[in-house]
Protein chains: 2
Amino acid sequence: MTQDVKEIFGSPVGSLAAKVRTLAPSMTRSMQRVAEAVANDPAGCAALTVTGLAELTGTSEATVVRTARLLGYPGYRDLRLALAGLAAQQQSGRAPAITTDIAVDDSLDDVVAKLAYEEQQTLADTAAGLDTGQLGAAVTALVAARRTDVYGVGASGLVAQDLTQKLLRIGLIAHAHSDPHLAVTNAVQLRSGDVAIAITHSGTTGDVIEPLRVAFERGATTVAVTGRPDAPVTQYADLVLTTSTSRETELRPAAMSSRTSQLLVVDCLFVGVAQRTYETAAPALAASYEALAHRHRSASR
Amino acid sequence: MTQDVKEIFGSPVGSLAAKVRTLAPSMTRSMQRVAEAVANDPAGCAALTVTGLAELTGTSEATVVRTARLLGYPGYRDLRLALAGLAAQQQSGRAPAITTDIAVDDSLDDVVAKLAYEEQQTLADTAAGLDTGQLGAAVTALVAARRTDVYGVGASGLVAQDLTQKLLRIGLIAHAHSDPHLAVTNAVQLRSGDVAIAITHSGTTGDVIEPLRVAFERGATTVAVTGRPDAPVTQYADLVLTTSTSRETELRPAAMSSRTSQLLVVDCLFVGVAQRTYETAAPALAASYEALAHRHRSASR
DNA sequence: GTCACACGTGAAAGATATTTTCGGTTCGGT
DNA sequence: ACCGAACCGAAAATATCTTTCACGTGTGAC
C-alpha cells in the first residue's frame, strides 16, 4: 500500500534538493544521475513513468526505484506524488508576481489572470473601506422605506438596475432611473421615510446628483454610493457608502473596477435587507425562483 | 504517455473544486460520489489507488476512471498527481477556512467579509476554468463582425448590456436584447460573419436559446456564456465560454455569483477586442471619456 | 400496463506501470 | 591474473490502471 500522505508531505518538501545533496556521496553513479534529474526538474520528472525517467537518465527502472528508496520513499510511485506536490508549490510560489497593467501584446492568458487579479483586489479594497455603520443605517432605511428610487447612468445605471431587481425579488418597492428627467420627476414624489440612492463613481455626475438633491430636499433618506467621499454628490447624501478607486489603465477603464466595487456594495445592501426581512424575503426568493422554472428548458440530463 | 505536466499544473490547481461544481450536474450518481470525495479530501484521495478510492466511495474502478476523465484528466493516474499537487498547496498556504455561508444573524461586518470572499473565489474559479482558446476565437469573431447581438434576460440581461456598452465605446456595432421577441426578430437579420452571444447561467433559458438558435441557423458565429457547458444552449453555440458555478445559499442566490463570473468573462472579451483593435480602440475610449466630461460637475476640491 | 430501449454500473479481462529477481559486468584488491 | 563485492539492467512478477462487456434499472412509448 502507499505511504501515508501525511508522511509524504509532513517532512518539508523543499528539503528534497538538500536530501539529494546529503545522500549523493552514498549513491552510485547511476543513482546520482537519477537524483540529479529529479532535483533539477521536479515538475518534468513528475510527468515521467519509471521507464521514462530511466531512459532520460540512461539507466534502468531498477535504478530509479532504488534511488526513490534511498530518498526515503517506499517506491517510485510515491516519489512521483511528492514531486507533483513540489512542482505545485513552486508554481504557487511565484504566482503573485504579476504586473497588473495590461499591455497591448499580453496573451489572453495574461489578460484573464490580470483582470481576475485586479477585480479581486478591488473587492478586497472595497470590503476594507466599507463603513458598516453607514451600511447598517442604509439597510435600516431601506427596510422601513415606503419606496426606494435608485439613480445611476452609464455603467452605474446597470448597477442601479441590479439593485432594484434584487430588492423587488424580496418584496420591496424599488425603481431604477437612468433617464435624468424621469429621475427628477420621480424624485419629487418622494417624502420622508422613502429612500433615494445615487450611484456614481466620480461623484460628480450631474444627472445623478440632481435627482438626489430633489429627494434630499423632499425629506427622503438619501444614500450616495461613490468612490469619492468628498465629491459634490455627498452634499445631498445622508449616508455615504464608499466604493474603491483603483488605478485605471488605458485598456482597463475606470468603469470596470468601479462596477465591481459598486456591485459588492449593492450586494451587501441586499443581503443586509434580506437578513432583516428574512421572514418575508426567504419565501419571496423561493417564489420568484419557482415562477421562472417554466421558462427553462429541461437540461440535457 | 502521461499528460504533460504543464497542463496539469498550468491552470491553477484550486480550480478543481470549481470544476467539480461545474460538472457535477452532468455526472451520474456514482460519479458524483467520487467527485465529492475528491473535492472534500484531495490529500486523502491522493494516497489511494483506484481500487482504494472505488471502495471508499462504494463504487467500481471503472467509475473512478470515468470521473477522472470527466474532470479533464487522461486517467486516474493523472488525477492523482494533480491531487497530490493540490494537497501540497493546501498545506503551504493555510486554508482560509471561513464558513462562507451567510447566516441570518451574521453581523454586517461578517456579511461584507463573506460576500467579498465569495466573489473573490468566484473570480478565481472563473479565471481558472476559462478556455482561452475559445475566448480567443470569440475575440477574433467579434473583431471581424459586421454587427454583434447579445442576448440575456434577468440578471444576465444587465451583463449583456454591460458588454454592449463597452463594445460600442470602442467603435463596434453591438446591441443587447432582453426582449425575447425583439431578440428573435433581430437575430433573423444576422448572417455569416456576424456574432451572436447568449448569456445564461443555467444554459436552459428558452428566451435566450431561441434567438441564438436563429442566429446559428442564419450562419452567424454564435457564442454561449454559460455555467453549464453541456446545457441545451450549447447546441447552437460555435463557441462556449464557461462561467463558474458556486454553491448558492438561501441568502445568496445563484444570480449573484453568476453575475460576477459573467462580468469577468465579458471584461475579458472586451479587453481582448480592445487589444486587437488598439489603433482605433484607444482613441475611441479617450474620445468617449472626453464627451462625458461636461456632464460632470467640478469636484468640491 | 407492458414492452423496448437507453443508460448507468460494476465484474472481470486486458494493458500498462512498478517492483523484484537474478545473472552479467565492472572494478578494486590480492 | 584471479577473486569478491558492489553495481547495474533485462526480464519476470506483481501491482495498478484501463477497457470491455453484460447485467440491472429506470424511463418513455404504445
Side-chain angles (χ1 to χ4, degrees), chain A residues 1-5 8 20 23-38 42 44-85 297-301, chain B residues 1-5 8 20 23-38 42 44-85 230-232:
Chain A
M1 177 37 68
T2 302
Q3 188 184 24
D4 188 340
V5 89
I8 299 179
V20 168
L23 276 75
S26 67
M27 285 183 185
T28 66
R29 257 190 316 285
S30 307
M31 286 167 80
Q32 280 179 6
R33 280 217 298 286
V34 176
E36 200 181 332
V38 162
C45 292
L48 295 170
T49 67
V50 229
T51 316
L53 186 52
E55 274 179 20
L56 179 75
T57 57
T59 63
S60 67
E61 289 99 322
T63 303
V64 172
V65 173
R66 276 192 281 265
T67 310
R69 292 265 162 75
L70 199 69
L71 291 173
Y73 301 95
Y76 175 69
R77 201 189 309 278
D78 297 84
L79 168 61
R80 195 175 164 187
L81 282 174
L83 286 174
R297 298 186 182 171
S298 63
S300 57
R301 104 173 325 284
Chain B
M1 173 39 70
T2 302
Q3 189 183 25
D4 188 340
V5 89
I8 299 178
V20 168
L23 269 42
S26 66
M27 284 184 187
T28 65
R29 261 189 312 286
S30 313
M31 286 167 81
Q32 280 179 5
R33 280 216 302 283
V34 176
E36 200 181 331
V38 161
C45 293
L48 294 170
T49 66
V50 230
T51 316
L53 185 52
E55 276 179 20
L56 179 75
T57 57
T59 63
S60 66
E61 290 97 325
T63 302
V64 172
V65 172
R66 276 191 282 263
T67 309
R69 291 264 161 76
L70 200 70
L71 291 174
Y73 303 93
Y76 176 69
R77 202 187 310 277
D78 297 83
L79 168 62
R80 196 176 163 187
L81 241 45
L83 285 175
D230 61 341

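Just so we're on the same page: letters track the sequence lines, and every chain starts at 1.
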Tell me the closest heavy-atom pair linking Ala84(A) and Ala84(B), and the distance in Å.
CB-CB, 4.3 Å
What's touching nucleotides 19-24 of chain C from the protein side, N or O pairs under 3.5 Å?
| unit_1 | atom_1 | unit_2 | atom_2 | d |
| --- | --- | --- | --- | --- |
| dT19(C) | OP1 | Tyr76(A) | N | 3.3 |
| dT19(C) | OP2 | Tyr76(A) | N | 2.8 |
| dT20(C) | OP2 | Arg69(A) | NH1 | 2.8 |
| dT20(C) | OP2 | Arg69(A) | NH2 | 2.4 |

Taking CZ from Arg29(A) and P from dG28(C), how many angstroms apart are they, rounded to a whole number?
9 Å
Whole-Å distance separating the CG atom of Leu56(A) from the P atom of dG9(D):
14 Å
Please tell me if the side chains of Leu53(B) and Val38(B) come closer than 4.5 Å, counting only heavy atoms from C-beta onward.
yes
With sequence neighbours excluded, residues passing side-chain hydrogen bond (donor to acceptor under 3.5 Å, both in side chains) with Thr67(A)
none
Nearest-Å distance, OH (Tyr73(B)) to P (dT18(D))?
14 Å
Would Leu81(B) and Arg77(B) count as a side-chain contact (heavy atoms from CB on, under 4.5 Å) if you check the C-alpha gap in whole Å, the side-chain angles of each, and the deciding distance to 0.1 Å?
CA-CA 6 Å; Leu81(B) 241 45; Arg77(B) 202 187 310 277; 5.8 Å; no
Closer than 4.0 Å, any side-chain N/O of Thr28(A) to the OP1 or OP2 of dC7(D)?
no
Report the nucleotide, chosen from dC17(D), dG10(C), dG8(C), that has the shortest atom-to-atom distance to any side-chain atom of Arg80(B).
dC17(D)
Sequence neighbours excluded, which residues qualify as side-chain hydrogen bond (donor to acceptor under 3.5 Å, both in side chains) partners of Thr57(B)?
Thr59(B)
Under 4.0 Å, counting only non-hydrogen atoms across every strand here, what does Gly58(A) touch: a base, just sugar-phosphate, or nothing?
sugar-phosphate
In whole Å, I'd like the distance from the CG atom of Leu81(A) to the P atom of dA17(C).
16 Å
Under 4.0 Å from OP1 or OP2 of dG10(C): is there any side-chain N or O of Thr63(B) that close?
yes
Using the side-chain contact (heavy atoms from CB on, under 4.5 Å) rule, take Val50(A) and Arg80(A) through it: C-alpha gap first, then chi angles, then the decisive distance, then the call.
CA-CA 9 Å; Val50(A) 229; Arg80(A) 195 175 164 187; over 6 Å; no
Between Ser30(A) and dC8(D), does any side-chain N or O lie under 4.0 Å from OP1 or OP2?
yes
Please give, in whole Å, the distance from dC7(D) P to Leu70(A) CG?
11 Å
